[in-house]
Visitor: 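Dropping the structure in here first, questions after.
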Amino acid sequence: VGELQSALYHIPNSIYTICYILYNIWLWRFYMFDRLRSEVKVIKEKDPAMRSTIEVFFCYPGFYAILFHRISHYLWNHSLKFLARVLSTFSRFLTGIEIHPGAQFGDRVFIDHGMGIVVGETAIVGDDVLIYQGVVLGGTTTQKTKRHPTIEKGVIIGSGAKIMGNITIGEYSKIGTGAVVLKDVPPESTCVGVPGRIVRSKHKRHVVDLDHNKLPDPVASAIKTLEKQIEDNEKLIQILLDKNGICVSEDKTDEKDAD
């Protein structure tokens with residue numbers, strides 16, 4: 001009897017919550033249309049393959065993943081967490097993109113291709129962020145705290161990049177393809193490699209740059225520097241040998257003959 005009374009007591013609260021949500025949807029219908037227009041506009045700006053608006057509604061899973069997340073996040077924040085998880089799971093089945101309802105997304109976020117993307121519960125994604133397929137915004141602890149990354153405004157995350165833990169990716173930074181980022185990235189920087197290495201490259205203008213093949217490679221630069229130093233050292237050694245009248249090649253020949 002006590003359990004039945006408790007269930008009956010919670011029914012009016014649930015009905016009130018559902019009515020409140022429907023009322024807000026009715027009030028925000030014009031705002032929702034503006035949001036849809038902005039989502040379509042950002043896809044036009046950041047995807048040169050887009051040829052018409054109708055393609056967005058039929059051929060862009062990232063567009064639907066964002067829409068489903070807006071709804072599931074709203075439900076999550078209004079104590080309908082189970083329904084929010086069900087909706088996010090349906091969105092993953094439909095689009096191949098898994099976004100936890102608790103994650104916070106800003107305006108004009110564009111997910112290009114999107115297959116395999118995973119965004120954790122406490123992740124924060126700012127405005128005008130561009131995310132490619134295979135990206136993971138993951139956590140590094142089992143404690144119920146802020147354990148996922150914060151992506152600030154204008155960041156570009158290349159395909160397959162893994163950003164782990166409660167770290168911050170600064171505004172207008174670039175994360176290279178396949179990078180594994182475990183530390184904070186300053187604003188307007190580039191992070192590449194495994195683990196991620198930071199290369200500062202501040203720009204005066206914040207424009208969308210899709211030339212991922214032109215990202216700097218600090219490892220390759222270090223190897224080239226070492227090669228140049230070795231080459232310079234070999235030249236200096238040869239100069240010293242010539243001054244002292246020592247011929248290394250003849251000595252090597254004599255050793256071979258002796259053998």
Side-chain angles (χ1 to χ4, degrees), residues 31-73 91-92 94-100 103-120 123-137 148-163 168-179 181 185-192 196 199 201-216:
Y31 170 75
M32 291 171 65
F33 284 121
D34 290 339
R35 175 64 67 85
L36 284 175
R37 280 194 291 268
S38 67
E39 299 286 356
V40 173
K41 182 179 178 182
V42 75
I43 294 175
K44 288 182 178 179
E45 293 174 353
K46 295 184 177 181
D47 187 6
M50 178 185 172
R51 291 176 174 79
S52 63
T53 302
I54 196 68
E55 286 186 11
V56 175
F57 293 96
F58 284 94
C59 306
Y60 280 77
F63 173 75
Y64 282 103
I66 294 294
L67 291 184
F68 278 119
H69 175 70
R70 305 285 187 200
I71 300 171
S72 64
H73 183 67
S91 174
R92 181 183 64 175
L94 186 67
T95 65
I97 301 168
E98 181 174 351
I99 306 176
H100 193 282
Q104 302 177 39
F105 271 62
D107 296 331
R108 300 176 302 279
V109 177
F110 176 36
I111 297 176
D112 197 2
H113 302 292
M115 180 62 71
I117 287 177
V118 178
V119 181
I124 300 175
V125 180
D127 300 338
D128 302 307
V129 172
L130 174 58
I131 305 175
Y132 285 92
Q133 68 273 13
V135 169
V136 175
L137 306 183
H148 297 91
T150 297
I151 312 298
E152 294 186 345
K153 181 177 181 180
V155 173
I156 298 177
I157 308 177
S159 59
K162 309 294 185 292
I163 305 176
T168 300
I169 308 300
E171 293 184 350
Y172 300 103
S173 294
K174 296 179 183 178
I175 307 300
T177 298
V181 185
V185 176
E188 302 180 13
S189 300
T190 299
C191 184
V192 297
V199 180
S201 56
K202 292 190 175 182
H203 304 284
K204 294 182 179 179
R205 298 177 59 194
H206 297 144
V207 297
V208 179
D209 184 5
L210 302 181
D211 293 331
H212 296 168
N213 60 320
K214 297 180 181 179
L215 293 179

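All of these numbers come straight from a predicted model, not from anything done at the bench. The basis for the numbers below is simple: all heavy atoms, side chains too, and nothing from hydrogens, waters or symmetry mates.
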Visitor: Under the salt bridge (Lys or Arg N to Asp or Glu O under 4.0 Å) rule, collect the residues that match up with Asp112, sequence neighbours excluded.
Guide: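 For Asp112, no residue satisfies salt bridge (Lys or Arg N to Asp or Glu O under 4.0 Å) once neighbours in sequence are set aside.
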Visitor: Please say which of Val125, Ile151, Val42 ends up in a side-chain contact (heavy atoms from CB on, under 4.5 Å) with Val109.
Guide: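 Among Val125, Ile151, Val42, the one that satisfies the side-chain contact (heavy atoms from CB on, under 4.5 Å) with Val109 is Val125.
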Visitor: Give me the atom names and distance for the closest heavy-atom approach of Gly176 to Ala161.
Guide: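 Residues Gly176 and Ala161, closest heavy atoms: O-CB, 3.8 Å.
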Visitor: Looking only at heavy atoms, what is the nearest atom pair of Ser173 and Pro186, with distance?
Guide: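 Here Ser173 and Pro186 meet closest at OG-O, 2.8 Å.
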Visitor: I want to check something: taking the side chain as every heavy atom from C-beta on, are Met50 and Val40 in contact at a cut-off of under 4.5 Å?
Guide: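 Met50 reaches Val40 side chain to side chain.
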Visitor: I need the Thr177 OG1 to Ile157 CD1 distance, nearest 0.5 Å.
Guide: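 If I round to the nearest 0.5 Å, the distance is 11.5 Å.
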Visitor: Kindly indicate whether the side chain of Val119, heavy atoms from C-beta on, has any atom under 4.5 Å from the side chain of Ile131.
Guide: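 Val119 vs Ile131: side chains apart.
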Visitor: Using only atom types and a distance under 3.5 Å, with no angle test, would you say the side chain of Lys174 pairs donor to acceptor with the backbone of Tyr172?
Guide: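 No, because the side chain of Lys174 does not come within donor-acceptor range (under 3.5 Å) of the backbone of Tyr172.
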Visitor: Which pairs would a plain distance check flag for residues 61-70, meaning a side-chain donor or acceptor within less than 3.5 Å of a matching protein atom at least two apart in sequence or in another chain?
Guide:
| unit_1 | atom_1 | unit_2 | atom_2 | d |
| --- | --- | --- | --- | --- |
| Tyr64 | OH | Phe57 | O | 2.4 |
| His69 | NE2 | Ala103 | O | 2.8 |
| Arg70 | NH1 | Phe105 | O | 3.2 |
| Arg70 | NH1 | Gly106 | O | 3.1 |
| Arg70 | NH2 | Glu39 | OE2 | 3.0 |
| Arg70 | NH2 | Gly106 | O | 2.9 |

Visitor: Could you report the tightest heavy-atom contact between His148 and Leu137, atom names first, then the distance?
Guide: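 Residues His148 and Leu137, closest heavy atoms: CD2-O, 3.5 Å.
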Visitor: So do the side chains of Thr53 and Lys44 get within less than 4.5 Å of each other, counting heavy atoms only?
Guide: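 Yes, side chains in contact.
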Visitor: What pair of heavy atoms forms the shortest contact from Met115 to Gln133, and how long is it?
Guide: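 Between these two residues, the closest heavy atoms are O-CB, 3.5 Å.
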Visitor: Nearest 0.5 Å, what's the CG-CD1 distance between Leu130 and Ile175?
Guide: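 It is 12.0 Å, given to the nearest 0.5 Å.
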Visitor: Looking only at atom types and distance, does a side-chain atom of Glu152 sit under 3.5 Å from a main-chain N or O of Glu171, one as donor and one as acceptor?
Guide: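 Yes.
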Visitor: Keeping to residues at least two apart or across chains, list the salt bridge (charged side-chain N to carboxylate O under 4.0 Å, His left out) pairs with something in residues 123-136.
Guide: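 Checked against salt bridge (charged side-chain N to carboxylate O under 4.0 Å, His left out) - neighbours excluded - the pairs reaching residues 123-136 are Arg108-Asp128.
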